[in-house]
Structure formats: C-alpha cells, structure tokens
Amino acid sequence: MMKKTYYLFNPGRMSRKDNTLKFTPVDEDGVEGIPKYIPVEGVSDFYCFGALDANSALYNFLGKQQIAVHFFDFYEQYSGSFMPKEYLLAGKMQIEQTKHYSNKTKRVIIAQKFIDGAAFNILKNLRYYQSRGKDLSAIIEIIESYSCSIATTTDIDELMGVEGNIRQKYYDAFDVILNDFSMNGRSKQPPKNEVNALVSFGNMMCYSMCLGQIYHTQLNPTISFLHEPGYRRFSLALDLAEIFKPILVDRTIFKVLNKKEIQANDFDVQVNSVILKESGKKKFVRAFEERLAETIKHRTLNRSVSYKHLVKLECYKLTKHILGMEEYKPFKSWW
C-alpha cells in the first residue's frame, strides 16, 4: 500500500481504534462533524492546519508506526513537528556530518553546491518562460553573472548574500511571469499580498516535505551547511529546500495563478497582511501534491521517479558525499 500524506484543515480530535485512526472534526462551537477513519498503514505523515486534540497514547502509537505530525499556526507558519524516535540515525554518519559542518572548507563545498543547484533551477524556470514570450533576458543575465561568483565565494555569510541577490532578482521576474497578480518584492511575516502569501505557504510545504525525506535517511536534520544550524529548526531541510523550491513551489504558483485555479477570493486580505483562506490552501495543496507525484525519467537510474522521490535521492547523494563515497552534485532540472 502506497503511504500518503494527510492534510487536516479543520480543528478536531484524533483517537485510535485498533489499527485505524479516527479523526472527528469539531467546529468553533464544539459541534462534532462526521468522523473520518484512516487505516494507519496508509499514512506517511499528517499536516495539521487546525487545532488537533490528541493524547499521549495516540502519539506513542504514531511513534511506533513511524508517522510524523507537522503543525502550522494560524498564519500558516510552520511551528514544529512530532517526529518518531530517530530510528535511522547512525553514529558514524552523525560524526561525519558534524565534521563536514565544523571544517570550514568541507562546509563551504556543500553550501556552494546547494546554491549552485538552486541558481540553476531558478534559471531553468526563467528560460522556460522566456521561451514562451515573457521578456526576462535582462533578469536572466544578472542572475547568470551572480551565479558565476558562487564557485569563488568561500565565506558562508557572503554565499548567503549571493543567494539573497539571486533570489531577489528572481522575485522581480514573478511580476513578468504572472498575468493577473503582482508580487512587488518579497514580504513575509506577514505576507503583504497574494503572491507572497502563496510563496510563504509553498516554501513551508517544501521545507516540511524535505524534512520528511531527510527523516528516511541517516542524516541529522539539525546539522546544516548553508543555513546556520538553529536550536529550534531543522535547518538541513532549509538547505535542501533551496534546490527544490524553484521546481516544486514556484512552478506550482505560476500554474495555479496563470490558469486561474486560485483566484482573488481564495485569499483573506487584511490591512497589513494577506493569508490563504482554507479554499486556497486546499487548491494549492492539491496542485503541490500533483507536482510531487509527477514522474520524470531519471537519467542515471534509467527509470521513472517522482519529484518527491528525487528529494529522497538528494538526501542519499548527500549521505554518500559526507561518508566520502561519492562527490555530491546537486539536482539540476534537465527539461
């Protein structure tokens, strides 16, 4: 049985009935809705966008079944995860990963690769739209010149600066690519317009998905190379998300807005902030899941793999690099 991600948009209660999970939606007046029954063997993880009422016995059960639960607050900001006991973390891997972080030369090599992959995939998006009549040549040229400096930048803060410049220029292109919405520069916490609301939501989905895939490997999600490891975040997921955001998030945003799958009435526009309504979240999640399930013919494996699986393969490549088995090459979109 193929395991899948479940998204809980409504607040509610979750309990266990044998090997089945029972989710009962509860509205703001405490009125219960129709319960939904989910066979536990079909679940890979849960994304909770509403309040979830559950007891420790349920989390013990989810932990034994290797099911993660990701939580998001009212503004769709990622607030944390319940992760099962780290059953894959291996000592040797942990030691080598720490060495690659603490040795400046080794750390910079990996950090450069993450930005190199991100820049390549960003340019791929821009050239795709350039070939479809959007004039992005000036932006492409500037990002290409920034990209040339990645290999010679050996300081992490400066590398983050290069990455920031590339992304800022790239976000200028959103106003050219999108037909009916404009971004007017990046704004977050809170997003100031519809495009920024989608970027924030999509980036967070990508980050959580990368965290889920790291979890299937021996990598420690808290030891990162580009982003500074934080006490309260799984920063390796932020590193990996850089490579995949252009392909998974941005392409999905361009599609749902230009094909009018998500429209103005899917957003809740306040005085200083814009957030997605539940209808908008559901539409974006559906499009994002479709993107993750899409398959491409993998060049070296010579078989079709899904985008979601590409993220897991990226984790394996990083593992091999850290263990000194094979040099890490970031995923670069070839179509």
Rounded to the nearest 0.5 Å, what separation is found between the CG atom of L219 and the CD1 atom of I214?
6.5 Å

Side-chain touch L238/S224, heavy atoms, less than 4.5 angstrom
no

When the ring centroid of F244 is compared with that of Y207, is the distance short of 6.0 Å?
no

Using the rule given for salt bridge (charged side-chain N to carboxylate O under 4.0 Å, His left out), can you reason through R286 versus E290, listing the C-alpha separation, both sets of side-chain angles and the distance that settles it, and then say yes or no?
CA-CA 6 Å; R286 196 177 304 125; E290 278 169 13; 5.9 Å; no

Got a sec, which residues hit side chain to side chain donor-acceptor pair (under 3.5 Å) with S279, two or more places apart in sequence or on another chain?
D266

Test item: E194 side-chain N/O and V274 main-chain N/O as donor-acceptor pair under 3.5 Å:
no

Could you measure the distance from the CG atom of L318 to the OG1 atom of T217? Nearest 0.5 Å is fine.
8.0 Å

Does a donor on one side chain and an acceptor on the other come within less than 3.5 Å for S208 and H70?
no

Within the structure provided, determine whether Y6 and Y47 are in side-chain contact (heavy-atom separation under 4.5 Å).
no

From the list D180, N179, L198, side-chain contact (heavy atoms from CB on, under 4.5 Å) with L257 holds only for L198

Rounded to the nearest 0.5 angstrom, the CD1-OG distance for I243 and S333 is 12.5 Å

Any Lys/Arg nitrogen of K3 or D45 sitting under 4.0 Å from an Asp/Glu carboxylate oxygen of the other?
no

Could you tell me if the side chain of V199 sits less than 4.5 Å from the side chain of F174, heavy atoms only?
yes

Ion pair D172/K169, N-O distance below 4.0 Å
yes

Between F46 and T5, is there a side-chain heavy-atom distance shorter than 4.5 Å?
no

Do the side chain of K4 and the main chain of G42 share a donor and acceptor less than 3.5 angstrom apart?
no

Applying the 4.5 Å side-chain criterion to the ILVMFWY set and letting contacts propagate, would V162 and Y171 be lumped into a single cluster?
yes

Does E228 form a side-chain hydrogen bond (donor to acceptor under 3.5 Å, both in side chains) with Y101? I'd like the steps, not just the answer.
CA-CA 10 Å; E228 210 44 60; Y101 163 74; 2.8 Å; yes

Partners meeting side chain to side chain donor-acceptor pair (under 3.5 Å) with K312 (sequence neighbours left out)
none

Using ring pair (Phe, Tyr, Trp, His ring centres under 6.0 Å) as the criterion, list what pairs up with H227, not counting sequence neighbours.
none

Mind checking the CG-CD1 spacing from D268 to I275? Nearest 0.5 Å is all I need.
5.0 Å

Distance-minimising heavy-atom pair for L226 and E242:
CD2-CG, 4.1 Å

Can you name the closest pair of heavy atoms from S235 and P229 and give their distance?
OG-CA, 3.2 Å

Judged by atom type as modelled, is there a donor-acceptor pair below 3.5 Å linking the side chain of Q213 to the main-chain atoms of V311?
no

Tell me whether K192 at atom NZ has more than 12 heavy atoms from other residues, nucleotides or ligands lying less than 6.0 Å away.
yes

Any side-chain to backbone donor/acceptor pair from N10 onto P25? Under 3.5 Å, distance only.
no

Could you check whether any side-chain heavy atom of K320 comes within less than 4.5 Å of a side-chain heavy atom of Y328, counting everything from C-beta outward?
no

Nearest heavy-atom neighbours spanning C315 and L240
SG-CD1, 3.6 Å

Closest non-hydrogen atom pair, C210 against A237:
CB-O, 3.9 Å

E294 meets the side-chain contact (heavy atoms from CB on, under 4.5 Å) criterion, sequence neighbours left out, with R291, Y307

Sequence neighbours excluded, which residues qualify as side-chain contact (heavy atoms from CB on, under 4.5 Å) partners of S306?
T295, K308, H309

Within this structure, what is the NZ-CZ distance for the pair K281 and F267, rounded to the nearest 0.5 Å?
12.0 Å

Note, I110 side chain near H321 side chain (heavy atom, < 4.5 Å):
yes

Output yes when a side-chain donor or acceptor of K36 lies under 3.5 Å from a complementary backbone atom of T24, and no otherwise.
no

Check: V31 main-chain N/O paired with D29 side-chain donor or acceptor under 3.5 Å
no

Sorted by first residue and then second, give each ring-ring contact (aromatic ring centres under 6.0 Å, His included) pair with at least one member in residues 129-155; sequence neighbours left out.
Y129-F254

Taking all atoms of both residues into account, what is the closest heavy-atom pair of F71 and V69, and its distance?
CZ-CG1, 3.5 Å

Looking at residues at least two apart in the chain, or sitting in another chain, which of them share a side-chain contact (heavy atoms from CB on, under 4.5 Å) with N265?
Q263

Taking the side chain as everything from C-beta on, heavy atoms only, tell me whether T153 gets closer than 4.5 Å to V108.
no

side-chain contact (heavy atoms from CB on, under 4.5 Å) involving Y128 - partner list, sequence neighbours excluded:
R132, R251

First locate atom CD of E289, then atom CE of M209, and finally report the distance between them rounded to the nearest 0.5 Å.
9.5 Å

Between N121 and G117, is there a donor-acceptor pair closer than 3.5 Å when you use the side chain of the first and the backbone of the second?
yes

Would you indicate whether the side-chain heavy atoms of T319 and L323 approach each other to under 4.5 Å?
yes

Check salt bridge (Lys or Arg N to Asp or Glu O under 4.0 Å) between D18 and all other residues, then give those that pass, not counting sequence neighbours.
none

Mind listing the closest non-hydrogen atom pair of A287 and T252 along with its distance?
CB-CG2, 3.6 Å

Any ion pair linking E261 and K255 (charged N to carboxylate O, less than 4.0 Å)?
yes

Can you sort out the partners of Y316 under ring pair (Phe, Tyr, Trp, His ring centres under 6.0 Å), two or more places apart, ordered by chain and number?
none

Polar side-chain atom of S145 near backbone of I142 as donor-acceptor pair, under 3.5 Å:
yes

With sequence neighbours excluded, tell me which residues meet side chain to side chain donor-acceptor pair (under 3.5 Å) with S137.
D135

Is it true that E32 and R13 make a salt bridge, defined as a side-chain N closer than 4.0 Å to a carboxylate O?
yes

Can you name the residues that form a ring pair (Phe, Tyr, Trp, His ring centres under 6.0 Å) with F82, not counting sequence neighbours?
Y59

Would a distance-only check, ignoring hydrogens and angles, find a side-chain to backbone donor-acceptor pair under 3.5 Å from N258 to I177?
yes

CA sep, side-chain torsions, deciding dist, call: N220, Q97, side-chain hydrogen bond (donor to acceptor under 3.5 Å, both in side chains):
CA-CA 8 Å; N220 184 322; Q97 193 176 344; 5.5 Å; no

Closer than 3.5 angstrom, by distance alone: can the side chain of Q112 be matched with the main-chain N or O of A151 as a donor-acceptor pair?
yes

Answer yes or no: is there an ion pair linking E144 with R127, defined by an N-O contact shorter than 4.0 Å?
yes

